[in-house]
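Have a look at the structure below before the remarks.
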Amino acid sequence: MSITDNLKIAGQYCLPKHALSRLLGKLAAAQAGNLTTKVIEAFIKQYQVDMSEALHEDPAFYKSFNAFFTRELKPGIRPLVDDPMTLALPVDGTVSQLGPIQQGRIIQAKGHDYSARELLGGYEDLVAPFKDGDFATIYLAPKDYHRIHMPLDGVLESMVFVPGDLFSVNPLTAENVPNLFARNERVVATFRTAHGPMALVLVGATIVASIETIWAGNIAPTKHKEVVRWDYAGDEAITLQKGAEMGLFKLGSTVVCLFGPGMLASFDAPLAPGVTTRMGQPFAKLANDA
């Protein structure tokens, strides 16, 4: 039996994983004193987490596993690229894929692509601005900093919750599960910027305890079994500056970034599949001034 066949079989357990996710979410939020500290210490050792970067280095500081996992970094540890024509990387992680959106399809891995329309919840008005645009997919490993930041200034226009599976999103799974990022549970945030449209898609994964945004709090997991959309305008409009935090993951996942056609001149030269990213470093060059 092939790896793909095995992963398809594993996918049959995705529905129970939602219940498991909620259970693990409760455990991760529990304040269990010394037991919590021991779990955190074991996690740090297992995944070689660099606690020297954390605002609070002592594992005992964190009252719950969630508090540790969403730990803040020391001020200045992730300097923000200050060139106004250069986007900032939104997360710590590893580049999975990046490049042009071709005929409405996004590359997932060698031999696999998926529909941008499906990724954005099936809304034609959301996907149309990204036709012939560009994308970048960044995978967050367990050891990474799990807060998501803005690549450039933007005004929030919509948010969509898309229910789905909870496959792992590690590189092996991405290479073998078709339509992975358009199948997993996710939160889509679209923004209007001075240079064109931008979307940040926060993709859930196996036992992900929560996806949160700074304007709406916890979005997933949820009891919603259908796609839910929120639009923001007028008094509800939310403006976020380049480098500002826009959301977070409790347990790891992936961020897919979409940009409108002609918006980017190029991605930063070192970026390619497998390259490590650090939030705030150069991401891409804008094609022109606003």
For Q108 and I106, run side-chain contact (heavy atoms from CB on, under 4.5 Å): C-alpha distance rounded to whole Å, both residues' side-chain angles, the deciding distance at 0.1 Å, then the answer. CA-CA 6 Å; Q108 175 176 306; I106 298 172; over 6 Å; no
For [X] against [Y], the heavy-atom pair lying closest together:
X    : Y    : answer
Y62  : M51  : CE1-CE, 3.9 Å
K242 : T86  : NZ-O, 2.6 Å
V275 : P270 : CG2-O, 3.3 Å
P273 : Q97  : CG-OE1, 3.9 Å
P261 : P129 : CD-O, 3.1 Å
P90  : P151 : CB-CG, 4.2 Å

Please check if the side chain of [X] supplies one atom and the backbone of [Y] the other of a donor-acceptor pair under 3.5 Å.
X    : Y    : answer
H195 : N288 : yes
N184 : G204 : yes
R105 : Q102 : no
T277 : G93  : yes

So, E124 and R117, do they make that salt bridge, N to O below 4.0 Å?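 Yes, charged N to carboxylate O under 4.0 Å.
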Are [Y] and [X] co-members of a hydrophobic cluster defined by side-chain heavy atoms under 4.5 Å apart?
X    : Y    : value
V81  : I77  : no
L152 : Y232 : yes
Y47  : I40  : yes
I148 : L80  : no
L156 : L248 : no

Nearest-0.5 Å distance, [atom1] of residue [X] to [atom2] of residue [Y]:
X    : Y    : atom1 : atom2 : result
F65  : F43  : CZ    : CZ    : 4.0 Å
D231 : D125 : CG    : CG    : 7.5 Å
T276 : Q281 : OG1   : CD    : 9.5 Å
K143 : Q48  : NZ    : CD    : 7.0 Å
R147 : I214 : CZ    : CD1   : 11.5 Å
K131 : Q103 : NZ    : CD    : 9.5 Å

With a 4.5 Å heavy-atom cut-off, do [X] and [Y] have their side chains touching?
X    : Y    : result
Y145 : V91  : no
D268 : L89  : no
M150 : L200 : yes
D92  : R78  : yes
R278 : D144 : yes
V155 : F191 : no
M263 : L286 : yes
W215 : M246 : yes

Within the supplied structure, the quantity of interest is the number of heavy atoms (other residues, nucleotides, ligands) at a distance under 6.0 Å from K38 NZ; does it exceed 12?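 12 or below, so no.
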Any chance CG of N34 has more than 12 other-residue heavy atoms, nucleotides or ligands included, within less than 6.0 Å?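 It does not: N34 CG has 12 such atoms or fewer within range.
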So among [options], which one has a side chain to side chain contact (heavy atoms under 4.5 Å, CB included) with [X]?
X    : options          : answer
K74  : E53, E57, H56    : E57
P59  : T36, V49, I44    : I44
F135 : L258, L119, V201 : L258

Please say whether the positively charged group of R229, taken as NZ for Lys or CZ for Arg, lies over the ring of Y123, i.e. under 6.0 angstrom from the six-membered ring centre and within 45 degrees of the axis.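 Yes; both conditions hold, so R229 lies above the ring face of Y123.
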Pair N170-T173, side-chain donor/acceptor within less than 3.5 Å: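 Yes.
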With side-chain contact (heavy atoms from CB on, under 4.5 Å) as the criterion, how do D153 and T239 come out once you've worked through the C-alpha distance, each side chain's angles and the decisive distance to 0.1 Å? CA-CA 7 Å; D153 298 355; T239 300; 5.8 Å; no
Let me see the working for I211 and E185 under side-chain contact (heavy atoms from CB on, under 4.5 Å), right down to the final yes or no. CA-CA 10 Å; I211 300 175; E185 187 169 271; 5.5 Å; no
T254/S96 under side-chain contact (heavy atoms from CB on, under 4.5 Å): CA gap, chis, key distance, verdict: CA-CA 9 Å; T254 287; S96 176; over 6 Å; no
Centroid separation F283 to F267 less than 6.0 Å: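 Centroid separation for F283 and F267: below 6.0 Å.
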